[in-house]
2 protein chains.
Amino acid sequence: MAATLKDVARLAGFSVTTVSRALNGHSDVSEETRKKIMEAAQALNYVPNRVAQQLVMGKSSAIGLYSLDRETFQNQFITLMISGLMDEATAHDLNLMLFATQRLQTAEEVVMQCRQRGLGGAVISGLRIDEDLIGHLPQMDFPIVLVDVPVHGPRATYVSVDNVLGARKAVEHLVSLGHRNIGLINGHSGAWVSHQRRLGYEQGMRDSGLAIKESYIFEGDFSKESGRRGAQHLLTVNPELTALFVASDLMAVGALEQLQAMGRGVPEDISVVGFDDQDFALHVSPPLTTIRQDMYVFGRLAARELIGMINDPGYTPRHVDLPCTLVQRGSSGPVRSKEVLR
Amino acid sequence: MAATLKDVARLAGFSVTTVSRALNGHSDVSEETRKKIMEAAQALNYVPNRVAQQLVMGKSSAIGLYSLDRETFQNQFITLMISGLMDEATAHDLNLMLFATQRLQTAEEVVMQCRQRGLGGAVISGLRIDEDLIGHLPQMDFPIVLVDVPVHGPRATYVSVDNVLGARKAVEHLVSLGHRNIGLINGHSGAWVSHQRRLGYEQGMRDSGLAIKESYIFEGDFSKESGRRGAQHLLTVNPELTALFVASDLMAVGALEQLQAMGRGVPEDISVVGFDDQDFALHVSPPLTTIRQDMYVFGRLAARELIGMINDPGYTPRHVDLPCTLVQRGSSGPVRSKEVLR
DNA sequence: CCCCTCATCCGAAACGTTTCGGATTCATTC
DNA sequence: GAATGAATCCGAAACGTTTCGGATGAGGGG
């Protein structure tokens, strides 16, 4: 069906070799024949078969993304990241191939699956820090970029926002509004970001001269329901709380609903700050003050590091913590005056 | 790096041909040598190179998905569909390759891009009905499945939910709650689903013996802001309205906010029904009554039809309208008694 | 007139598979 | 004992590219 190099060669009256060299811009072909060959290729609607190219050149023509079956609540997270990955990959003439992180495979299996398909490298998202796959990845000599899980190696790196800074910003924001008694609803400990966000919370509290009480901290699991439980628990045990930093928007929405069900007004009685800036953060009432991470540039950066490793065997991948910003909306406000005066 | 057939052949002491046939389960190889060959393959950690396989067999090893840059508000829509596509593709030993529907290309370009990469077919989502690409697609002799745009051909079909039915269900639900004056905030006319949903709205009204007034219908563009404008406009012009059917959840949230800003209680003063059941529908207040489409099975069905065409040249693709269901939540309620009595 | 250089072209091998057609062996059948 | 047939195996071609190493011919310098 599709025209091949041989067809172009026949039509143009040259050898396959010359046609290939002409089309690839090599120097040892005269301008005149190059023109003829170009025309023939045009006429036949020729496009090189990437499969054949890949086989002979050994150069990969795509990168892989492992994602999309756990943490399904992070829909928007993934979508935007994919957009970033795709834009960056396309700019380097690479395609994007998707895989489900189903039952977690071993590092060897992942790498083999990629190699088999001619992929140059892969981005892996949605891993828990306790999966032993992670330890084996760096020494696989295959370009890998992890999402939100720290890893270091000559052919491996990771991308993440500066979660510590983000959490600190959240606390500082609340402190600047006069809050002193600030609780934390965290994600589960299987996620690396949970540790970071807790660290940031603690730093923020300490830097503001506030004590860190263990009873102010609740460990949820990123689900809306756990946010609800967290709010219920924290406010029952510590009625003096006037603000909550919640380590994900979804949990924050749960907390919001629970607080309102408990008759606590947000933000009059209690302020809430989330994390992520998922789209629904804007749609709940009150709209959620949150720490925004730009998943699009996140994706682009992941792809950039990956492609760096693929194209240059000597490339040493860097890790940069992406900035994240506070988006102030309706769920946070000044502490009630009586509280301040007290 | 990776072991090849030749390596296995050398280790096992047989020819490349025999090794290939042994590994592929052909009959003309004795059980004894098959076992030896298996062992050798195991020892070398051999996996067939799919690129080479693809080149020689001409069989595709992946399908394409065009999506993801327009209508970015449909995040969850796409994520779930991708999950469905991927599960179905994986079950048929196919991979999924992603493409951005950037500047809209011609049908020829799309097909060439796929052929060049050895894809067996493609799913295309996010097209407007007025793109002329659509008319050319059916005669391309390349398996294509469109999303939410009707198309028919020996190698082309489309998937969609039964939007007419969905809209009718929404109206019937509102009627069953006693509503008589029901407005419609529709999506833009570039989307096929908008026409269908309007059709369903009209059917539902007529079947309930209600008149269809042009002034009850507002054409938005699926954005939250347009939902807001729609609510503002419709209620200013028609103060007697007690219910709105809104053709997307995002617009419905806009409408919700606008209604509340106008001092109209939802659902006490006015009921709202959305469409899609995106995740945030559950998080807004009141939680949105909406028409749910199951995007996961949507994706699976799309893949199934596509793969049917790919694997069997004689396969005639079918179109089935997927069912959609009403999910009743807090944004719809019985019409106020004074209204009923009046 | 010969040798060298340069510009232009091409044959053939290679990438890692699958498969067609044939070759070999050995038992079976007439 | 030769022909038939089944059971095993293998060589070589093919898929569509790229590229190495050479081939050809023209022009220039000695």
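Throughout, protein chains are lettered first and strands after them, A, B, ... in sequence-line order, and every chain is numbered starting at 1.
Applying the ring-ring contact (aromatic ring centres under 6.0 Å, His included) test to pairs two or more places apart or on separate chains, those with a residue in residues 121-156 of chain A are His152(A)-Tyr158(A).
Between Leu23(B) and Pro48(B) there is no side-chain heavy-atom pair separated by less than 4.5 Å.
Aromatic ring pairs are classed by plane angle as parallel below 30°, tilted from 30° to 60° and perpendicular above 60°; the pair Tyr66(B) and Phe99(B) is parallel.
End-to-end axis angle of the helix from dC1(C)-dG30(D) to dC30(C)-dG1(D), from C1' rotation axes over five pairs per end: 70° (rounded to 10 degrees).
Thr17(A) comes within 4.0 angstrom of a base, heavy atoms only. Base engagement by Val16(B) is indicated by at least one non-hydrogen atom pair under 4.0 Å involving a base atom. Residue contacts for Val47(A): at a heavy-atom cut-off of 4.0 Å it reaches the sugar-phosphate backbone alone, with no base atom in range. Here Thr4(B) lies in heavy-atom contact (under 4.0 Å) with sugar-phosphate atoms only. Ser20(B) comes within 4.0 angstrom of a base, heavy atoms only.
A salt bridge is absent between Lys35(A) and Glu32(A); no separation between the charged side-chain nitrogens and carboxylate oxygens falls under 4.0 Å.
Bracketed by its first and final contacts, the part of DNA chain D lying under 4.0 Å from non-hydrogen atoms of chain B reaches from dT8(D) to dG16(D) in 5' to 3' order.
There is a side-chain donor-acceptor pair under 3.5 Å between Ser61(B) and Gln54(B).
Each of Asp28(A), Val16(A), Thr33(A) was evaluated against Arg21(A); a single residue qualifies, Asp28(A), per the side-chain contact (heavy atoms from CB on, under 4.5 Å) test.
Residue Gln53(B) is the one, among Asp28(B) and Gln53(B), whose nearest nucleotide of DNA chain C lies closer to the 5' end (criterion: closest heavy atom). Of the residues near DNA chain D, His26(A) and Lys6(A), the one whose nearest nucleotide (by heavy atom distance) lies more toward the 5' end is Lys6(A). Nearest-nucleotide positions on DNA chain D for Gly13(B) and Thr18(A) put Gly13(B) closer to the 5' end.
As rounded to whole Å, 14 Å separates atom P of dA7(C) from atom CZ of Arg34(A).
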Salt bridge (charged side-chain N to carboxylate O under 4.0 Å, His left out), that's the test. Do Asp294(A) and Arg300(A) meet it? Break it down for me. CA-CA 10 Å; Asp294(A) 187 338; Arg300(A) 285 200 78 120; over 6 Å; no
For a salt bridge (charged side-chain N to carboxylate O under 4.0 Å, His left out) check, start with the C-alpha distance between Glu39(B) and Lys36(B), then their side-chain angles and the critical distance, and finish with the verdict. CA-CA 5 Å; Glu39(B) 279 165 10; Lys36(B) 279 189 205 159; over 6 Å; no
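Looking only at distances, no side-chain donor or acceptor of Asp87(B) sits under 3.5 Å from a matching main-chain atom of Gly84(B).
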